[in-house]
Amino acid sequence: MRPFIALLVCGPLLAACNTTDPLQPIPGSITYGGQPHMKLTQSPPGTRIAHRFTNQWGQDIYETYILQPDRSLKLVSREEVTPL
């Protein structure tokens, strides 16, 4: 009976965890509106690419991409840069 109660308590908490959802591009991202038309042919797959821009609300955003074997870019992290 105790495992069932633990499942009832922990089940909704675990269901709320959504760590597999990839980051979605926002306006200003390199991949917003699809992959870029240029192909990064000089960089080897696995290269980290940094991109810094200002979003529509004036916040500085720092994104990191990884170059995939098919030469597409995968968005792996996004941070809001706060001024000092």
Side-chain angles (χ1 to χ4, degrees):
M1 184 69 169
R2 284 187 182 184
F4 182 71
I5 293 173
L7 179 64
L8 287 176
V9 172
C10 295
L13 295 175
L14 291 174
C17 295
N18 193 6
T19 58
T20 60
D21 187 28
L23 287 173
Q24 298 297 319
I26 61 174
S29 296
I30 295 174
T31 56
Y32 184 72
Q35 290 291 324
H37 296 290
M38 63 172 195
K39 294 291 183 183
L40 300 168
T41 58
Q42 298 294 319
S43 300
T47 300
R48 296 177 80 77
I49 299 167
H51 177 58
R52 190 173 181 161
F53 64 97
T54 303
N55 68 7
Q56 63 264 32
W57 298 287
Q59 300 165 320
D60 288 330
I61 305 294
Y62 181 79
E63 292 181 335
T64 304
Y65 296 85
I66 293 183
L67 184 61
Q68 300 298 299
D70 65 352
R71 300 295 176 191
S72 64
L73 293 173
K74 179 180 178 184
L75 178 60
V76 293
S77 72
R78 178 183 298 130
E79 296 179 39
E80 181 181 324
V81 180
T82 55
L84 295 178

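Across every non-hydrogen atom of Ala50 and Tyr62, the tightest pair is CB-OH, 3.3 Å. When every heavy atom of Tyr65 is checked against every heavy atom of Ile30, the shortest pair comes out as OH-N, 2.9 Å. Across all non-hydrogen atoms, the minimal contact from Leu75 to Ser77 is CD1-O, 3.6 Å. Between His51 and Gly28, the closest heavy-atom pair is NE2-O, 2.9 Å. Taking every heavy atom of both residues into account, Glu63 and Arg78 meet most closely at OE2-NE, 2.9 Å.
Around the CZ atom of Arg71, the shell of radius 6.0 Å holds more than 12 heavy atoms that belong to other residues, nucleotides or ligands. Crowding of Tyr32 atom OH: a count of heavy atoms from other residues, nucleotides or ligands under 6.0 Å not exceeding 12.
When the side chains of ILVMFWY residues are joined at heavy-atom separations under 4.5 Å, either directly or via intervening members, Val81 and Trp57 end up in two distinct hydrophobic clusters.
Here Leu73 contributes atom CG and Thr31 contributes atom OG1; the two are 7.0 Å apart, rounded to the nearest 0.5 Å. Of the inter-residue distances, the one linking Ile61 atom CD1 with Glu79 atom CD reads 10.0 Å to the nearest 0.5 angstrom. Atom-to-atom distance recorded for Gln68:CD and Thr47:OG1 is 11.0 Å, nearest 0.5 angstrom.
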(message) Show, in sequence, the C-alpha distance, side-chain angles and deciding distance for Leu40 and Ile49, and conclude whether the side-chain contact (heavy atoms from CB on, under 4.5 Å) test is met.
(response) CA-CA 11 Å; Leu40 300 168; Ile49 299 167; 3.4 Å; yes

